[in-house]
Amino acid sequence: MAQKNGEEKVFVRGMEGVVAAETNISYVDGVHGRLYYQGYDIHDIAEEVSFSETVFLLWNGRFPTKEENDRLRSEIVSEMRIPSQVVEMLKLIPPNGHPMTVLADAVCILGIFDPEAADNSAQANKRKAKRLLAQIPTVIADLHRLRKGLPLLSPDPHYGISDNLLYMMRGTVPNDMERKVMDLLMVLHADHGMNASTFTARVIASTLSDMHSALTGAIGALKGSLHGGANQRVMEMILQIGKVDLVQEYIAGMLENKQRIMGFGHRVYKTEDPRARHLRKYSQMLCEMKGQQELYDISHRIEDIVREAKGIYPNVDFYSATVQNALGIPPEFFTTMFAASRAAGWIAHIMEQYNDNRLIRPTSKYTGELGLPFVPMGQRKAPKA
Ligand code: COA
């Protein structure tokens, strides 16, 4: 007779509410719809600080002085070149390879070329952190341009991280409004508590694996449509709907079929995601500027209908879609933009994990049988159909 597992363990589906780490980096207040980076309310800082200041804040726990910010920004921009072998690898990948998969592969391979790959000291990790944050935008831009058959561009030392990403990708100098919005987009995506990809990064770091491996895993987690991959799906849905007048019928049909509306709902926020407020505003402004008013109108109509029908709110991915589209970024690259920004948060969490590490090794509630009698292969019978 098979025995039963006698252990009493509590299983929490999706680990909702389970505390997996202590952190100073960011706090998501789901009840009040607030997000804090190192204690600063995102509403107070989002439109005031640059992405490089945000990176400094997340990595150091305080905002930089002007000199410190200029130094970090130029150090990162000066590290943006990637090894020619990685460019060759990008050329070999078939065009149907999703940019997030290619990005994960490239980050993993960049680790092989990193001069300090095997050095997990805090000092080496600080240098690797800057290199990674610098090289990810170049991988994204190069992949896009290779797929379009366009020549690759070098970063412009006069620009920062986000405007260089946009410039190297599109090949045109972003105007002031585009630079502001691109930087805001990256500020808003930089960190977000113990989300799935950050947890992945911390689990990998906790085994004392290296920073490149932790980021490779995090990119894989972010790719999924329940996480960062939602922004691409949002744009596909908006384009498929095509006209404001068709929104009601389309969304009603999806809800009737119990389908999830991408860009809505959140595990932690029970009210509006604070990042959506900023992105909604710039989606409206940019869409109007670019003659894409209907795309914003469709989004806004979706928001009204979903809120009314399900009582759920847009998350960061919803208005990020029309913002990125208006910036000229192709939908299949939307999630890579999220990754380029979230790399700052992942790295902060990896460093925090290394600083006070204990292997992350949870348990599971075993629901199978125990002590089954072993049957040698010659005596086994296939179950009856
Ligand atoms: N569209 C329709 N219904 C949704 C929904 C969505 N986007 N998100 C949640 N719901 C509904 C669920 O159907 C469920 O309803 P029910 O209780 O009537 O069955 C309820 O809200 C709770 O959903 P649940 O799956 O338990 O929430 P979760 O915390 O596990 O999931 C997400 C969180 C983010 C995965 C979920 O909201 C989702 O799938 N959103 C769409 C993908 C997305 O935008 N991801 C980016 C997140 S930043």
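Just follow the structure's listing: the first ligand is 1, and inside any ligand the first atom is 1.
- The presence of a protein heavy atom under 4.0 Å from atom 21 (O) of ligand 1 is ruled out.
- The protein heavy atom nearest to atom 10 (N) of ligand 1 is Ile312 CD1, 4.1 Å.
- Those atoms of ligand 1 that come under 4.0 Å of a heavy atom in Ala230, given as number and element, are 43 (C), 44 (O), 45 (N), 46 (C).
- Atoms of ligand 1 found under 4.0 Å from any heavy atom of His266 (numbered from 1 in listed order, with element): 37 (O), 48 (S).
- For the side-chain hydrogen bond (donor to acceptor under 3.5 Å, both in side chains) test with Asp297, the passing option among Gln293, His300, Arg301 is Gln293; the others fail.
- Across Leu166 and Leu327, no two heavy atoms sit closer than the pair CD1-O, 4.1 Å.
- The protein heavy atom nearest to atom 16 (P) of ligand 1 is Lys310 NZ, 4.8 Å.
- Applying side chain to side chain contact (heavy atoms under 4.5 Å, CB included) to Asn125 and the options Lys128, Arg127, Gln123 leaves one that passes, Lys128.
- The protein atom (non-hydrogen) at minimum distance from atom 45 (N) of ligand 1 is Leu226 O, 3.0 Å.
- The closest side-chain donor-acceptor pair between His43 and Asp41, if any, does not fall under 3.5 angstrom.
- Counting atoms of ligand 1 from 1 in the listed order, those under 4.0 Å from a heavy atom of His227 are 45 (N), 46 (C).
- When distances from atom 6 (C) of ligand 1 to the protein are checked, a heavy atom turns up under 4.0 Å.
- By the 30° and 60° cut-offs, the orientation of the rings of His144 relative to Phe333 is perpendicular.
- Nearest to atom 34 (C) of ligand 1 among the protein's heavy atoms is Gly265 O, 3.9 Å.
- Scanning both residues, Thr216 and Ala104, for their nearest heavy atoms gives CG2-O, 3.5 Å.
- Side-chain contact between Phe318 and Arg280 is absent, with no heavy-atom pair separated by less than 4.5 Å.
- Within ligand 1, the atoms closer than 4.0 Å to a non-hydrogen atom of Gly263 are 43 (C), 44 (O), numbered from 1 in the order shown.
- In this structure, the protein non-hydrogen atom closest to atom 1 (N) of ligand 1 is Ile261 N, 2.9 Å.
- Contact annotation: the side chain of Met337 approaches that of Leu165 to within less than 4.5 Å [non-hydrogen atoms, C-beta and beyond].
- Here Tyr27 sits in one hydrophobic cluster together with Tyr36; the rule is ILVMFWY side chains under 4.5 Å apart, joined directly or through other members.
- Looking at Asn315 next to ligand 1, an N or O pair under 3.5 Å apart turns up.
- Residues Asp70 and Lys66 have side chains in contact (heavy-atom distance under 4.5 Å, counting atoms from C-beta outward).
- What sits closest to atom 46 (C) of ligand 1 on the protein, heavy atoms only, is Asp317 OD2, 3.3 Å.
- For atom 3 (N) of ligand 1, a protein heavy-atom neighbour is found at a distance under 4.0 Å.
- Using a 4.0 angstrom heavy-atom cutoff, Ser225 counts as in contact with ligand 1.
- Nearest protein heavy-atom contact of atom 39 (O) of ligand 1 is Arg260 NH1, 2.9 Å.
- The aromatic rings of His192 and Tyr269 lie tilted to each other, with the angle between the two planes from 30° to 60°.
- For atom 12 (C) of ligand 1, the protein comes within 4.0 Å by at least one heavy atom.
- A donor-acceptor pair shorter than 3.5 Å can be found between the side chains of Ser50 and Ser52.
- The nearest heavy-atom contact from the protein to atom 33 (C) of ligand 1 is Arg267 N, 3.8 Å.
- Listed by atom number, the atoms of ligand 1 under 4.0 Å from Phe264 heavy atoms are 6 (C), 7 (N), 8 (N), 37 (O), 38 (C), 40 (N), 41 (C), 44 (O).
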